[in-house]
Amino acid sequence: MATATKQLKKAARIILIGAPGVGKGTQTKRLLDRFPQLGAISSGDLLRENVRKRTPLGIQAESIMQSGNLVPDSVMLELISSELISRGWLLPPQSSSSSSSSPSAKPSISRTASFILDGFPRTAAQASMLDEIVPINFAVHLLTPPSVIISRIASRWVHEPSGRVYNTDFNPPKVPGKDDVTGEPLTQRADDSIDTWKQRLKQFEESSKPLLDHYEAKGCLWRVEGNSSDEISPKLFAEIERRFA
Ligand code: ATP
Ligand code: MG
């Protein structure tokens with residue numbers, strides 16, 4: 001589906017919060033098409049890339065993800081902040097040898113970069129750590145009843161290298177079993193089995209309350225409900241335009 005694109009006038013630093021399978025990846029892709037200035041980092045995609053490449057971090061994370069639990073906060077912060085730096089959205093700490101004014105070696109945010117973080121932060125502790133380096137100005141809570149999500153999780157297929165997500169019921173690939181862009185095979189996520197999904201949901205329900213409270217207190221939390229991604233996208237587009245375009 002071709003969407004008209006829109007320019008943003010203000011820097012948007014957006015996070016998406018929602019139950020596993022709510023469609024964070026789907027909304028992210030649509031937002032990138034709609035607002036070409038946006039970039040995105042998906043914590044789940046980054047972790048899966050590390051698992052695929054057998055990095056030490058990936059090897060450590062694999063069994064945690066497979067059980068539906070959360071990777072430790074410190075590991076996640078390190079992973080996300082180095083990705084933010086490599087994208088140029090965070091500027092690495094200045095070496096302070098020549099300046100006496102700035103003893104703290106903190107990275108600083110690019111004032112113009114607009115981006116979405118999909119899946120990070122996921123705990124209040126992660127949110128507090130992120131506050132130190134990135135001032136998030138829009139936290140989106142995506143709400144879909146778990147009974148609806150569970151009914152569609154079994155038909156979710158992904159192109160792992162890119163993170164593109166399909167659903168054989170309502171968003172099928174052009175060629176069955178193949179990624180639209182590369183033609184490479186689609187797979188199902190190891191953690192999309194029903195039992196693991198239930199554990200991920202439980203994990204989400206435990207960690208999300210303090211996370212949502214964190215952003216509510218900052219005044220940047222916004223909720224959007226829908227039974228499908230198609231119901232949610234237009235509302236989300238409109239709200240981003242209202243705030244940033
Ligand atoms: P979906 O992608 O369907 O919206 P999800 O949010 O459960 O659902 P991902 O974001 O892809 O899935 O995350 C998959 C797994 O990666 C999580 O279950 C968790 O183990 C790990 N993970 C991802 N992001 C984080 C994070 N910020 N903190 C801790 N663990 C994380
Ligand atoms: Mg995801």
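Remember, it's 1-based here, ligands and their atoms both numbered in the order they're listed.
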Shortest non-hydrogen contact between A11 and S114, atoms and distance: CA-OG, 3.3 Å

For ligand 1, which atoms, with element, lie under 4.0 Å from some heavy atom of D191? 14 (C)

I'd like to know if the side chain of K235 reaches the main chain of E225, judged simply by a donor and an acceptor atom lying under 3.5 Å from each other, with no hydrogens or angles considered. yes

Atoms in ligand 1 flagged as close to S43, the criterion being non-hydrogen separation under 4.0 Å: 23 (C), 24 (N), 25 (C)

Among all protein heavy atoms, pick the one closest to atom 30 (N) of ligand 1 and tell me residue, atom and distance. V71 N, 3.1 Å

With distance as the sole criterion, is a donor-acceptor pair present between the side chains of D195 and S193 under 3.5 Å? no

Taking R122's backbone N and O only, do any of them form a donor-acceptor pair with Q126's side chain (distance below 3.5 Å, no angle check)? yes

Begin from the C-alpha positions of D131 and H214 and carry the test side chain to side chain donor-acceptor pair (under 3.5 Å) through to its verdict. CA-CA 10 Å; D131 284 347; H214 182 101; 2.8 Å; yes

Does ligand 1 have an atom under 4.0 Å from some heavy atom of R48? yes

Nearest-contact summary for atom 18 (O) of ligand 1 - protein heavy atom, Å: R200 CG, 3.8 Å

Establish, yes or no, whether a centroid distance under 6.0 Å links the rings of W89 and F115. yes

With heavy atoms under 4.0 Å as the rule, classify the contact between M65 and ligand 1 as side chain, backbone, both or neither. both

Per atom 13 (O) of ligand 1, closest listed option by heavy atom (R122, Q66, R156, E62): R122

Ligand 1 N/O within reach of P20 N/O, cut-off under 3.5 Å: no

Is it true that G21 lies under 4.0 Å from ligand 1, counting heavy atoms only? yes

Which residue and heavy atom of the protein sit nearest atom 27 (N) of ligand 1, plus the separation: G119 O, 2.9 Å

Heavy atoms only: give me the nearest C220-I136 pair and the separation to one decimal. SG-O, 4.1 Å

Mark yes when over 12 heavy atoms from residues, nucleotides or ligands other than R87 sit less than 6.0 Å from its CZ; otherwise mark no. yes

Subset of ligand 1 atoms that lie under 4.0 Å from at least one heavy atom of N69: 19 (C), 20 (O)

Hey, is the main chain of D192 close enough, under 3.5 Å, to the side chain of T196 for a donor-acceptor pair? no

Are N227 and T144 linked by a side-chain donor-acceptor pair shorter than 3.5 Å? no

Identity and separation of the nearest protein heavy atom to atom 28 (N) of ligand 1: Q126 NE2, 2.9 Å

Ligand-residue contact atoms, ligand 1 with L47, heavy atoms, under 4.0 Å: 16 (O), 21 (C), 22 (N), 23 (C), 31 (C)

In terms of residue, atom name and distance, what is the protein heavy atom nearest to atom 2 (O) of ligand 1? R189 NH1, 3.2 Å

Near K24, which atoms of ligand 1 are under 4.0 Å from a heavy atom of that residue? 1 (P), 4 (O), 5 (P), 6 (O), 8 (O)

